[in-house]
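Inspection log for the structure reproduced underneath, given as structure tokens.
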Amino acid sequence: MAGRSTLYEEIYAIIRLIPAGKVANYGQIAEIHGGCGARQVGYALNNLRNQDTIDEVPWQRVVNARGEISMHGAGAGSFIQREILAEEGIEFDMKGRIDFSIYRWVPELGVRDDSATSG
DNA sequence: TCCCTGACTGGTT
DNA sequence: AAACCAGCCAGGG
């Protein structure tokens, strides 16, 4: 492995900003990062399985653009993810989808920086 | 370095 | 709405 992965660490840092009760999609994390794609976010999360900081990163709050939980962890991980989100108060559709209009994480105008707070 | 893979996304049919 | 295809960038052998 690459030992220190700055890209991954930055992605983890962004994900750590997601509060309980909210979710974000891979593309959103990538967009906030501004230097990688949605796949890289998923790739980082996959690598998270090898990190000791996995307990410090709310990976469960990251879902796909359709509000669905992507398959991972041989399928078991997906199940666990849903369980944890349910514990956080996330509601699932009959088809197992999350309503982004309700649970979408909205960064507080300046996760990176703000220059339009003149109001 | 090249090729394949991967917890994704958007457009078309 | 579901299925299929192409684009995207990074990591390992």
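So you know, we letter chains A, B, ... as the sequences are listed, proteins then strands, and number each from 1. All values below were derived from every heavy atom in this structure, side-chain atoms included, with hydrogens, water molecules and symmetry-related copies excluded. This one's a predicted model, so the numbers in the text were calculated from it and none came from an experiment.
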List, with names and distances, any nitrogen or oxygen atoms from the protein found under 3.5 Å away from nitrogen or oxygen atoms belonging to nucleotides 11-13 of chain B.
none

How about A:Ser70 and A:Val63: do any of their side-chain heavy atoms sit closer than 4.5 Å?
no

Reading 5' to 3' through nucleotides 2-8 of chain B, protein heavy-atom contacts under 4.0 Å coded B for base, S for sugar-phosphate only, - for none:
----BBB

What is the separation between atom [atom1] on [X] and atom [atom2] on [N], rounded to the nearest whole Å?
X: A:Ile69; N: B:dT9; atom1: CD1; atom2: P; answer: 13 Å
X: A:Phe100; N: B:dT9; atom1: CZ; atom2: C1'; answer: 12 Å
X: A:Glu68; N: C:dA1; atom1: CD; atom2: C1'; answer: 11 Å

In short, salt bridge (Lys or Arg N to Asp or Glu O under 4.0 Å) pairs touching residues 78-89 of chain A with sequence neighbours left out are A:Arg61-A:Glu88

Which residue pairs pass the salt bridge (Lys or Arg N to Asp or Glu O under 4.0 Å) test with at least one member in residues 51-60 of chain A, sequence neighbours excluded?
none

Under 3.5 Å for both distances, Watson-Crick or G-U wobble, that's the pair rule; now give the dot-bracket for DNA chain B, with | marking pairs to another strand and [ ] for crossing ones.
.|||||.||||||

Where is the tightest heavy-atom contact between A:Tyr8 and A:Ala44, given as atom of each residue plus distance?
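Smallest interatomic distance, heavy atoms only, reads CD1-CB, 3.6 Å.
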
All N/O donor-acceptor pairs, side-chain side in residues 14-30 of chain A, below 3.5 Å, sequence neighbours left out:
from, atom 1, to, atom 2, distance (Å)
A:Lys22, NZ, A:Ile102, O, 2.9
A:Asn25, OD1, A:Arg104, NH1, 2.7
A:Gln28, OE1, A:Arg104, NH1, 2.9
A:Gln28, NE2, A:Trp105, O, 2.7

Tell me who clusters with A:Met71, hydrophobic residues only, linked when side chains sit under 4.5 Å apart either directly or through other members.
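Listed partners: none, A:Met71 stands alone.
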
How would you list, by chain and number, every residue that makes a side-chain hydrogen bond (donor to acceptor under 3.5 Å, both in side chains) with A:Asn46, sequence neighbours excluded?
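Checked A:Asn46 against side-chain hydrogen bond (donor to acceptor under 3.5 Å, both in side chains); zero matches.
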
A:Arg97 or A:Cys36: which one's nearest nucleotide on DNA chain C is closer to the 5' end?
A:Arg97

Once ring pair (Phe, Tyr, Trp, His ring centres under 6.0 Å) is applied, what residue pairs with a partner in residues 45-87 of chain A remain, sequence neighbours excluded?
A:Trp59-A:His72

Output the distance between atom OH (A:Tyr12) and atom OG1 (A:Thr53), rounded to the nearest 0.5 Å.
6.0 Å

For residues 89-96 of chain A, run the donor-acceptor check on the side chains, cut-off 3.5 Å, and write out each pair with its distance to 0.1 Å, sequence neighbours left out.
from, atom 1, to, atom 2, distance (Å)
A:Glu91, OE2, A:Tyr103, OH, 2.7
A:Asp93, OD1, A:Lys95, N, 3.3

